[in-house]
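So you know, we letter chains A, B, ... as the sequences are listed, proteins then strands, and number each from 1.
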Amino acid sequence: MTDPDKQLVEACQGSTGEDFEEAYRQLFALYQDRVYSICLRVTGNSEDALDAAQETMVTLARRVQGFAFRSRFSSWVYRIAVNAAIDTRRRRLDAPRGAVRTTFGGGEEERQLEQATANSVEADPVGAASRQEAQALLQDALTRINPKVSALLVLRYVEGLSYDQIAETLEISLGTVKSRLNRAHATLREFLHHQGLDSLDPTP
Amino acid sequence: MSTPSENSELPQALVDDLRALGGARAPEELWMRVQEQRQISALAELESSQVVRAPEALWDRVQAARAARGEFAAPRGRVLPWKQLQILSAAAAVLVLGVIGFRYLGEENHTMVQPVLAGATDAATKEALRARALGMVVTPEELSPSARTVAQAFGAALPLEKRPMGMPEEGR
């Protein structure tokens, strides 16, 4: 199977200076939203997502010359993004207590997330929750469960990757993808149940 | 992309909510930040590839210049370069440690021998223990001419042997 990004990647690999910058800019434009999206959903806030996306794109520029097409280029980029996002989240957790952000600040999206989190502690948190609020609660769940589990769920459902591509991205077997996803589903359901958000998961 | 059968583990409503989380757009700031980081990395690489070692004479020149400005009294004689000072300091440290080590070993041997002799009550046992010792007491007459010379070199007060010049040593 021919990699859909092969031509663009080879343009980067066979060039230097201005030509490289031009080719790299095209790759950047192609992947920036996907990379940022993965980072945002795994880290849970735009500041960390920007840090992780930046790290991913810098790594991409530095290592694209050595990419050997042993996997799809997109899988390689997703792998870098997932690792950067997980590392960023861990660094945030390892940071001194005062440095951990307990409130969201800034953009509209974060305001919504904050509102949704506040709603979740009310008496009937999701009874009147809109679709948007439900998504915000899910995002909150993704941020609170193990980052590797949330990365798996993000790749599968948010980015819509197939089992095959997840296996390639995370460099694990297809069987491992299936078993880990089963555990990820259980973790998510358990979390939602624990938070009193069973209405998001109508399965009895 | 995924097939419907692959989504069967989670309820469709939940899957739809998760899917709706996708499609975030990267902020414009990302490109600027990435370019800035790349420039910083490139500069850092450039700097690390251009590290040069200062010549050893630099220390001497700096010290001489400082002395000329009167920052401290100029040392008499030649100022040793820092590297030589390090070597000399290391050698002195090894010497001091060696002396301490030998003294310690000597004391240890002494303490090993004394209890053995102290435990011997009769003369025969003492004599047997002395026979096993490495050192023994001898009179000057028992020494060969060479041994006498060595003993004198170590400071032993021995009566001079009267021997005409050019005479061969005994036994030769």
Side-chain angles (χ1 to χ4, degrees), chain A residues 21 24-25 28-29 31-41 46 49-51 53-62 107 109 131-132 134-139 141-142 153-154 156-166 177-178 181-182 184-186 188-189 192 199-203, chain B residues 1-62 81-83 86-87 89-90 93:
Chain A
E21 290 303 321
Y24 171 68
R25 194 177 184 111
F28 185 96
Y31 277 98
Q32 61 173 345
D33 290 342
R34 277 182 274 180
V35 164
Y36 180 74
S37 176
I38 290 172
C39 295
L40 180 65
R41 297 311 167 193
S46 62
L50 201 52
D51 283 347
Q54 176 186 333
E55 192 181 322
T56 303
M57 288 311 204
V58 170
T59 305
L60 194 156
R62 199 172 60 240
E109 178 188 41
R131 202 78 177 159
Q132 202 174 33
Q135 288 159 13
L137 289 168
L138 266 180
Q139 170 63 71
L142 288 175
L153 291 169
V154 166
R156 179 74 185 105
Y157 298 109
V158 179
E159 296 305 314
L161 265 59
S162 66
Y163 283 19
D164 177 49
Q165 199 170 2
I166 293 174
V177 171
K178 288 174 184 172
L181 261 175
N182 278 335
H185 296 152
L188 182 63
R189 284 173 161 169
L192 293 175
S199 59
L200 289 179
D201 177 15
T203 309
Chain B
M1 289 296 161
S2 59
T3 60
S5 62
E6 289 179 346
N7 291 334
S8 58
E9 301 91 344
L10 281 181
Q12 193 57 44
L14 197 52
V15 170
D16 289 344
D17 286 339
L18 280 167
R19 279 189 180 147
L21 293 176
R25 290 188 65 82
E28 296 288 326
E29 184 188 351
L30 180 60
W31 172 253
M32 297 301 294
R33 284 179 55 157
V34 168
Q35 290 303 87
E36 193 178 294
Q37 183 60 45
R38 289 180 63 208
Q39 283 166 6
I40 291 169
S41 300
L43 281 173
E45 279 176 25
L46 192 67
E47 278 178 14
S48 65
S49 68
Q50 290 179 341
V51 170
V52 290
R53 291 186 64 81
E56 288 195 4
L58 182 61
W59 171 255
D60 288 346
R61 294 181 65 148
V62 170
W82 174 240
K83 200 167 186 178
Q86 281 180 310
I87 292 168
S89 304

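At a 4.5 Å heavy-atom cutoff, the contact between A/Arg25 and chain B is made by backbone and side-chain atoms alike. In this structure, the portion of A/Leu188 lying under 4.5 Å from any heavy atom of chain B is its side chain and not its backbone. For A/Leu181, no part lies under 4.5 angstrom from a heavy atom of chain B.
Heavy-atom minimum distance, B/Arg19 versus A/Tyr157: CG-O, 3.1 Å. Annotation for A/Asp33 and B/Ala26: closest pair OD1-N, 2.7 Å, computed over non-hydrogen atoms.
Checked by atom type and distance alone, the side chain of A/Arg41 never pairs as donor or acceptor with a backbone atom of A/Val158 at under 3.5 Å.
Side-chain atoms of A/Val58 and A/Glu55, non-hydrogen and from C-beta on, never get closer than 4.5 Å to each other. A/Glu21 places a side-chain heavy atom less than 4.5 Å from the side chain of B/Gln35.
Between chain A and the residues B/Gly23, B/Pro27, B/Gly22, the most heavy-atom pairs under 4.5 angstrom are made by B/Pro27. The choice from A/Val35, A/Asp51, A/Ile38 that makes the most heavy-atom pairs within less than 4.5 Å of chain B is A/Asp51.
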